[in-house]
*Asks:* 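Pasting a structure here, questions to come.
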Amino acid sequence: VQLLGLDALSKQLVAWHSAAALGMQLYRLPAELLPVPAAELEIVARLWQRESLLLPIALYVDAHELDSAEKPEGQAPPLNRFLARGHGVFFLGSREIRPGLGPTLSAVEVEKPAPAEQAVAWHDALSGEAPDSPALLAGQFHLNLPTIQQIAQAATAELAEDEPVSHDQLWDACLTSTRPRMDLLAQRLDPRATWDDIVLPEETEQLLGQIADQVRQRNTVYDEWGFRQKMNRGLGISALFTGPSGTGKTMAAEVIANELRLNLYRIDLSQVVSKYIGETEKNLRQLFDAAEDGGAILFFDEADALFGKRSEVKDSHDRYANIEINYLLQRMEEYCGLAVLATNMKSALDQAFM
């Protein structure tokens, strides 16, 4: 059974419950650990076949981070060869469906719970404590069931007997849980500026306030008012800050992050941009996937370096440069959080972003 989707923990949970329903113990094997040499892979396949005949066990093969394009010279990938040789019950966790794994298979799309389902999970995990928190947390953070249960258990375990759980504790725990993946891909800023610190024209300050309000109230519009049922894209919020250096573009992003109590991440171009074809898109995919949990504001400083104008195709370099811009346009539309672009060269941005 192929379990498809971006959330690895949700897929493992589905596999575990399915195996339990069959009376089986589930084991997990990262696909990267499968040996490439044919003789070694044959031994692993035979050992698993023997154990699966002797014991009620099933195997979850985690290919979530495995590049589907990776293939040893002159032979099928180890994953395909292992599953073709194997016997028993297999669950394969993958981002997208993988062909060539045998004639008998089914594919199931596994996604994180919807915001309404997350609110119910928060309510159950908190046993009715902090009654306002479930809706607020589900409206901002996009977490799976194991993470919600883990955060709730950790928050209640630290409290003294009969001490209620505070909403701020839960909010900070959600922020902390979303940081590890983002810290590898971007630089986290410590937002200290507040509305009292920034000096702007009244109209500009009102616009910043509207951005914060839109992020804060989006769950009401998308879910309670039913907008999400009409549209499945364009649910994110994008803002462009332009002006000369030193006018407060970064400070304005800090003010919004402080107001919303969210992590602010400045995109490190050295970590994202690569001279190798396809690597920039791969890095951007990891960045946006990590930010989908909802605890981060993405801040693209010097945005013209990434969001520059597409040019007329004269050679392969122009073609691949245009592909990067097209990919960014797609991901910006799919991204569900707040992305802030800052530049002092507004005219250098591609018109589609404008």
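Fair warning: this is a prediction, and the values are worked out from it, not measured in the lab.
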*Asks:* Report yes or no: does Lys11 contribute a side-chain atom to a donor-acceptor pair with the main-chain N or O of Leu4 at less than 3.5 Å?
*Replies:*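 No, Lys11 side chain to Leu4 backbone: no donor-acceptor pair under 3.5 Å.
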*Asks:* Applying salt bridge (charged side-chain N to carboxylate O under 4.0 Å, His left out) as the test, list every pair that has at least one member in residues 111-121; sequence neighbours left out.
*Replies:*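 Passing the test, one end in residues 111-121: Lys112-Asp293.
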*Asks:* For residues Leu200 and Phe299: do they belong to one hydrophobic cluster (side chain heavy atoms under 4.5 Å, members Ile, Leu, Val, Met, Phe, Trp, Tyr)?
*Replies:*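 In one cluster: yes.
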*Asks:* Asp190: what forms a side-chain hydrogen bond (donor to acceptor under 3.5 Å, both in side chains) with it, not counting sequence neighbours?
*Replies:*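 With sequence neighbours excluded, Asp190 shows a side-chain hydrogen bond (donor to acceptor under 3.5 Å, both in side chains) to Arg192, given in chain and number order.
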*Asks:* Residues two or more places apart in sequence or in another chain: which of them pass side-chain hydrogen bond (donor to acceptor under 3.5 Å, both in side chains) with Ser166?
*Replies:*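 Only Gln169 meet the side-chain hydrogen bond (donor to acceptor under 3.5 Å, both in side chains) criterion with Ser166.
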*Asks:* With a 3.5 Å cut-off and sequence neighbours excluded, list the donor-acceptor pairs that the side chains of residues 136-143 form with protein atoms.
*Replies:*
residue	atom	partner	partner atom	Å
Gln140	NE2	Gly294	O	2.5
His142	ND1	Gln118	NE2	3.0

*Asks:* For the side chain of Ser10 and the backbone of Asp7, is there at least one donor-acceptor N/O pair under 3.5 Å apart?
*Replies:*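 Here the side-chain-to-backbone pair does not exist.
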*Asks:* Given a cutoff of under 4.5 Å between side-chain heavy atoms of I, L, V, M, F, W and Y, with clusters grown through shared members, what are the other residues clustered with Ile43?
*Replies:*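 Result for Ile43 is Leu47.
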*Asks:* In the hydrophobic clustering (ILVMFWY, side-chain contacts below 4.5 Å, transitive), which residues join Val199, or is it alone?
*Replies:*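 Listed partners: none, Val199 stands alone.
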*Asks:* Quick one: are Arg261 and Trp171 in side-chain contact, heavy atoms under 4.5 Å?
*Replies:*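 Yes. Closest side-chain heavy atoms under 4.5 Å.
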*Asks:* Looking only at atom types and distance, does a side-chain atom of His87 sit under 3.5 Å from a main-chain N or O of Ser52, one as donor and one as acceptor?
*Replies:*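 Between the backbone of Ser52 and the side chain of His87 there is no qualifying donor-acceptor contact (under 3.5 Å).
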*Asks:* Which residues pass the ring-ring contact (aromatic ring centres under 6.0 Å, His included) test with Phe241, sequence neighbours left out?
*Replies:*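 Scan of Phe241 (ring-ring contact (aromatic ring centres under 6.0 Å, His included), adjacent residues dropped) gives none.
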*Asks:* Show me, pair by pair, the donor-acceptor contacts under 3.5 angstrom made by side chains of residues 17-41, not counting sequence neighbours?
*Replies:*
residue	atom	partner	partner atom	Å
Ser18	OG	Val14	O	2.8
Arg28	NE	Asp62	OD2	3.4
Arg28	NH2	Asp62	OD2	3.1

*Asks:* Under the side chain to side chain contact (heavy atoms under 4.5 Å, CB included) test, which residues partner Leu240, sequence neighbours left out?
*Replies:*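 Scan of Leu240 (side chain to side chain contact (heavy atoms under 4.5 Å, CB included), adjacent residues dropped) gives Thr242, Leu341, Thr343, Leu349, Met354.
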*Asks:* Quick one: list whatever passes ring-ring contact (aromatic ring centres under 6.0 Å, His included) with Tyr335, sequence neighbours left out.
*Replies:*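 Listed in chain order: Phe288.
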*Asks:* Once salt bridge (charged side-chain N to carboxylate O under 4.0 Å, His left out) is applied, what residue pairs with a partner in residues 214-224 remain, sequence neighbours excluded?
*Replies:*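 Every salt bridge (charged side-chain N to carboxylate O under 4.0 Å, His left out) pair that includes a residue of residues 214-224, provided the two are not neighbours, is Asp213-Arg216, Arg216-Glu259, Asp223-Arg228.
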*Asks:* Report yes or no: does Lys346 contribute a side-chain atom to a donor-acceptor pair with the main-chain N or O of Gly243 at less than 3.5 Å?
*Replies:*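 No, the answer is negative, given that no donor and acceptor are paired below the 3.5 Å cut-off.
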*Asks:* Considering residues at least two apart in sequence or located in another chain, which fulfil the side chain to side chain contact (heavy atoms under 4.5 Å, CB included) criterion with Ala121?
*Replies:*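 Side chain to side chain contact (heavy atoms under 4.5 Å, CB included) list for Ala121, sorted by chain: Leu145, Ile148.
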*Asks:* With distance as the sole test, does Gln2 use its side chain to make a donor-acceptor pair with the main-chain N or O of Arg98 at under 3.5 Å?
*Replies:*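 Yes; judged by distance alone, with no hydrogens or angles, the pair exists.
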